[in-house]
Amino acid sequence: AKKAGRGRYRMFESGMDALLLGRREMEIDLRRALALRQFKLNYQPFLDVSTKRVDGFEALLRWEHPVKGNIPPLSFISLAEENGLIVKIGEWVLRTACLEAMSWPNDMIVAVNVSPLQFKADTLLETVASALRHSGLPAHRLEIEITEGALLDDTDNVIQTLNAMRALGVRISMDDFGTGYSSLSYLQKFPFNKLKIDRSFVACDDADSEAILRSIASLGTSLGMSITAEGVETAEQLARIRGERCTHVQGYLTGRPMGTDQIPAFLAQHIL
Ligand code: C2E
Ligand code: CA
Ligand code: CA
Ligand code: CA
């Protein structure tokens, strides 16, 4: 699908499409965004279903554009992947997330999304190690979230990098599991601590989604992984995923993304 997307992009280029002009502008702005400090991270809590305690927070990138306002990550990350900026942006995310997590109470984990392109750049391990070193964050408090796209090619190299991160003490999560190029063999091949089941299986209450949710959860559990249900918005959904052996929950029901400075107050309310 990505390739088709890029093909379309080239076609529009010759046609001087208005959308493309918007895209060019966005690319120019994106190149400056890091230097102008327009990025910030929000953090969404994930909770242990059985203890109801907050285990940690996922870092979610925000771009505060001076004219266009807040631009959601899905509308600029693929552009940043196409032009390679994601590597620098990803370094900033890792460094900032580790630094900010240092000020949180109770050994909270920080989970950071990593693009497949960062694996290709071959500097990921060093970036992770140096973010830990500079912040002083203990490795066990960092979780790296990868999507299936990262596992597609150069498999041996990816496994090596993931194992090296595990050796540092960093945790690895498989994000958006069940979408895209999912293959059950990945669960055996790659060293995941956690599976995150995509929101689409959590939101739907039809028999098929429920069966998929149940199978993924039980497979992951028997392979020794913890299981996070993503995008839980209602008490009914929470009850359902609890019944399906999910170990963790993340969604608007249990907490919206927030700034790092809101975290202490949020945690204070959550003490059982
Ligand atoms: P994701 O990793 O699956 O992150 C979860 C997304 O679901 C977030 O959207 C979050 O705000 C949203 N969400 C959480 N709970 C709920 C809920 O109950 N209902 C609904 N409808 N949505 C919920 P967001 O922040 O817009 O991020 C979108 C995607 O952008 C992320 O999906 C991730 O793939 C990517 N992304 C975000 N930050 C980064 C980053 O620092 N680096 C990279 N490479 N990708 C990032
Ligand atoms: Ca994620
Ligand atoms: Ca996800
Ligand atoms: Ca997603």
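Just so you know, ligand 1 is whichever comes first in the structure, and atom 1 is the first atom listed for that ligand.
- Side-chain contact, Trp63 with Ser75: no donor N or O sits under 3.5 Å from an acceptor N or O.
- Some N or O of Asp175 is nearer than 3.5 Å to an N or O of ligand 1, by distance alone.
- Looking at ligand 1, you'll find an N or O of Arg199 within less than 3.5 Å of one of its N or O atoms.
- Side-chain contact between Ile227 and Ile197: present, with at least one pair of heavy atoms (C-beta onward) separated by less than 4.5 Å.
- The distance from ligand 1 to the heavy atoms of Leu60 drops below 4.0 Å at these ligand atoms: 4 (O), 8 (C), 10 (C), 11 (O), 25 (O), 37 (C), 38 (N).
- We find that Glu81 and Lys120 are not joined by a salt bridge, their nearest charged nitrogen and carboxylate oxygen being 4.0 Å or further apart.
- In the model, Glu145 has no side-chain atom that pairs as donor or acceptor with a side-chain atom of Ser173 under 3.5 Å.
- The pair Arg31-Glu27 meets the salt-bridge criterion, since a charged nitrogen lies less than 4.0 angstrom from a carboxylate oxygen.
- Nearest-heavy-atom check against atom 27 (O) of ligand 1 across Ala59, Pro73, Ser173 picks out Pro73.
- Interface of Leu74 with ligand 1, defined as ligand atoms under 4.0 Å from a residue heavy atom, comprises 28 (C), 29 (C), 30 (O).
- The neighbour count for Arg37 CZ, taken as heavy atoms of other residues, nucleotides or ligands under 6.0 Å away, does not exceed 12.
- Using modelled atom types, one finds no donor on one side chain facing an acceptor on the other under 3.5 Å when comparing Gln44 with Tyr252.
- Ring planes of Trp92 and Phe39: tilted class, angle from 30 to 60°.
- Residue-ligand proximity, Gly251 to ligand 1, at heavy-atom distances under 4.0 Å covers atoms 15 (N), 18 (O).
- In terms of distance to the Ca ion (ligand 3), the nearest N, O or S atom of Asp175 is named OD1.
- In the candidate list Glu58, Glu233, Glu81, Glu58 is nearest to atom 1 (P) of ligand 1, counting heavy atoms.
- Rounded to 10°, the angle formed at the Ca ion (ligand 2) by OE1 of Glu145 and OD1 of Asn113 is 90°.
- Salt bridge annotation for Lys196-Glu58: present, with a cationic side-chain nitrogen under 4.0 angstrom from a carboxylate oxygen.
- Rounded to 10°, the angle that OE2 of Glu230 and OD1 of Asp176 form at the Ca ion (ligand 3) is 90°.
- Heavy-atom proximity to Pro257, at under 4.0 Å, picks out these atoms of ligand 1: 11 (O).
- Residue-ligand proximity, Asp176 to ligand 1, at heavy-atom distances under 4.0 Å covers atoms 3 (O).
- Applying the 4.0 Å criterion to heavy atoms of Gln44 picks out, from ligand 1, the atoms 14 (C), 15 (N).
- Atoms of ligand 1 lying under 4.0 Å from any heavy atom of Ile77, numbered from 1 in the order shown and given with element: 35 (C), 36 (N), 39 (C), 43 (C), 45 (N), 46 (C).
- A side-chain donor from one of His65 and Asp29 sits under 3.5 Å from a side-chain acceptor of the other.
- Contact annotation: Arg62 has at least one heavy atom less than 4.0 Å from an atom of ligand 1.
- Near Glu230, meaning under 4.0 Å from any of its heavy atoms, are these atoms of ligand 1: 3 (O).
- To the nearest 0.5 angstrom, Leu151 atom CG is 5.5 Å from Tyr186 atom OH.
- At least one N, O or S atom of Glu58 sits under 3.0 Å from the Ca ion (ligand 2).
- Of the candidates Ile86, Leu117, Asn113, Asn113 brings a heavy atom nearest to atom 40 (C) of ligand 1.
- Heavy atoms of Pro72 found under 4.0 angstrom from ligand 1: none, in either backbone or side chain.
- Between the choices Leu253, Val249, Leu61, the shortest heavy-atom distance to atom 38 (N) of ligand 1 belongs to Leu61.
- Judged by distance alone, the side chains of Asp206 and Ser209 do bring a donor and an acceptor atom under 3.5 Å apart.
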